[in-house]
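What follows is one structure encoded as structure tokens, with my remarks underneath.
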Amino acid sequence: MSVLDKRGAGRRDPVPETTPGTSTDSGAVNAAERAPRRSRAGRRGLPLVLNAVSIALGIAIWWALASAGFKLPTPPEVVARARTLIDNGTLGKDVVASLTRVLIGFALGTAVAIPVGFLMGWYAVLRGLIEPWIQFFRTIPPLAIIPLAVVVMGIDETPKIFVIFLAAFLACVISTFQGVVSVDRTLISAARVLGAKDMTIFVRVVVPASTPFILVGMRVGLGSAWATLVAAELVAAQQGLGYRMQNAELYYDLPTIFVGLISIGILGLLMDRILLLAERRLTAWQERR
Amino acid sequence: MTSTTAKISVQGVTKTFALGRDTFTALDDLSLDIADNEFVTVVGPSGCGKSTLLNILAGLEEPTAGLALVDGVPVSGPGPERGVIFQQYALFPWLTVRQNVEFGLRTAGVPKAERRRRAEHFIALVGLEQFADALPKTLSGGMRQRCAIARAYAVDPSILLMDEPFGALDALTRVKLQEQLLDTWSKDKRTVLFITHDVDEAVFLANRVIVMAARPGRVYDVIDVSWTTARDERFRLSPEFAALRNRVWHSVYHQDGPTAAPQPSTTI
Ligand SMILES: Nc1ncnc2c1ncn2[C@@H]1O[C@H](COP(=O)(O)OP(=O)(O)O)[C@@H](O)[C@H]1O
Ligand SMILES: [Mg+2]
């Protein structure tokens, strides 16, 4: 956002507040601060140890609370339940069902968001036409779309994928748009005086210059998609981690709920790390201060 | 105005910017001719319209009134015969030095092998051979500017438009790059319009120094620099240099009332 404010101000009307919550903000800040490459193996060791200590401590507290009579399953109970669910194939099927939905929704959302974001950034007319709708839908929690989606699309996979699509699309389209409008004007001038025409400028300057923004948007989008999953699976699903937890709720089956929660957390983290890795690869040229 | 022989001819150029409901006059009826292979420096207070003038010649902005001619033809958009070097280098950060230098050749559709060869040549010319495959973020300011110069040279423009290219560099690097630039220019003459806010730089490089005045931007003074032998330390330390420097300095820093053009009412 800050990059944008500095440059955007002079040349276009002020850029609207388009950050989804504050998540894009922190994402962008992270992207800028993350990889000052100074983390050598030695220095990297300490945080890892601290992370491990923190996790162990968290589990210990959980265990203590469970033993102290809080209505919680103990870690061994959860592990045992996880084993059962893995052995009878339930967890595997649920994970596949959930991942499929998230990945399809996310892939579609991103695939539509990137060109739309580019068009909005490039053509003021399209921006004026599209932006109100994006701002509008951004204010509606995906959960609130579900009743509409079910009535219109039925109860099969379509409405679930649709709400995930919407969540991913909204997060990604905004940051792609921000990426395009904050491309350094001097770089565009430099390309023009080197003989580049609009199409070349777009492909060889605007796209690469926006990549960091797009990748941050994709990460935020993946987060939203994953967060929307559970809500989506409340819609008469037959499988999926959200469905499993919802089902377990009926039987006060806390261990299963825990297995669901932990699976969602781990999968979300894994997918985020994969994107983070891609981001570092693709934006290694960035100067980081 | 006889512009038939001039490489660059600026004829009565006015440029105004909308500023809310007002207009701001950045350039006011500015005229100026630059001969082929002449090295002209433009110096003047900040905000006097130096960049605006350069952008008009580069084809990045259009004059509100008047004409900018290059080779007798009105400028309409950027062209390969005019290379531009920006103060902030404007290297593409995702491209290596070599890829940056090849950028203009690629847009011109030069075949790969030829592109390579020309890029090598100009990278060597600015002494960046060892950094051909480095990304800009790993280069110092001086190296970045040398890369930008190589990139502009690679498309072989007959005119170089340079907007305070050494302004962001430390004094030592600046002196070195000035000498390298002159060295390159004397071997391979081109028409150069070089903008600076540094009086020493303006005198050291120029065949002719154009001093501009602000509010509105216009030509205030023109000073010929007729030093015919090599431009080196001897020139820099000569009494002639000191005298010219003195003259330009006064023109820039003591632009007082009588000589100044009347202020238009719309100026802020
Ligand atoms: N796009 C623009 N919109 C409004 N004012 C501008 C614009 N570009 C330049 N100006 C104004 O015109 C004047 C001349 O600017 P510039 O040519 O950049 O000066 P210089 O390069 O000599 O410092 C300045 O006062 C600046 O604020
Ligand atoms: Mg300037």
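Labels below follow one simple rule: chain letters A, B, ... track the order of the sequence lines, proteins then strands, and each chain is numbered from 1.
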Give the member of B:Leu60, B:Leu161, B:Thr138 that has the highest number of heavy-atom pairs under 4.5 Å with chain A. B:Leu60
Taking B:Thr107, B:Ile85, B:Thr96 one by one, which has the highest count of heavy-atom pairs under 4.5 Å against chain A? B:Thr107
State which residue, out of B:Asn55, B:Val84, B:Val155, fulfils the side-chain contact (heavy atoms from CB on, under 4.5 Å) condition with A:Val193. B:Val84
Under a 4.5 Å cut-off applied to non-hydrogen side-chain atoms, are A:Leu187 and B:Pro93 in contact? yes
More than 12 heavy atoms from other groups under 6.0 Å of CD on B:Glu129: yes
Does the structure place the NZ or CZ of A:Arg204 under 6.0 Å from the centre of the six-membered ring of B:Phe92, at an angle of no more than 45° from the ring's axis? no
Surrounding CZ of B:Phe17 (heavy atoms of other residues, nucleotides or ligands, distance under 6.0 Å), is the total greater than 12? yes
B:Glu114, CD atom: more than 12 neighbouring heavy atoms under 6.0 Å: yes
Using heavy-atom distances under 4.5 Å, tell me whether B:Phe86 contacts chain A through its side chain, its backbone, both, or neither. side chain
Measure the spacing between CG of B:Leu91 and OG1 of A:Thr186 and express it to the nearest 0.5 Å. 11.5 Å
Verify side chain to side chain contact (heavy atoms under 4.5 Å, CB included) between A:Trp285 and B:Leu95, making sure each step is shown before the conclusion. CA-CA 8 Å; A:Trp285 50 265; B:Leu95 300 181; over 6 Å; no
d(A:Ser189 OG, B:Gln88 CD) to nearest 0.5 Å is 13.0 Å
Is there a side chain to side chain contact (heavy atoms under 4.5 Å, CB included) between A:Val205 and B:Trp94 once you walk through the steps? CA-CA 9 Å; A:Val205 179; B:Trp94 51 88; 4.1 Å; yes
Answer yes when A:Glu287 and B:Arg144 have at least one side-chain N-carboxylate O distance shorter than 4.0 Å, and no when they do not. yes
Residues A:Leu194, B:Arg151; criterion side chain to side chain contact (heavy atoms under 4.5 Å, CB included); working and verdict: CA-CA 9 Å; A:Leu194 288 167; B:Arg151 183 175 68 178; 3.5 Å; yes
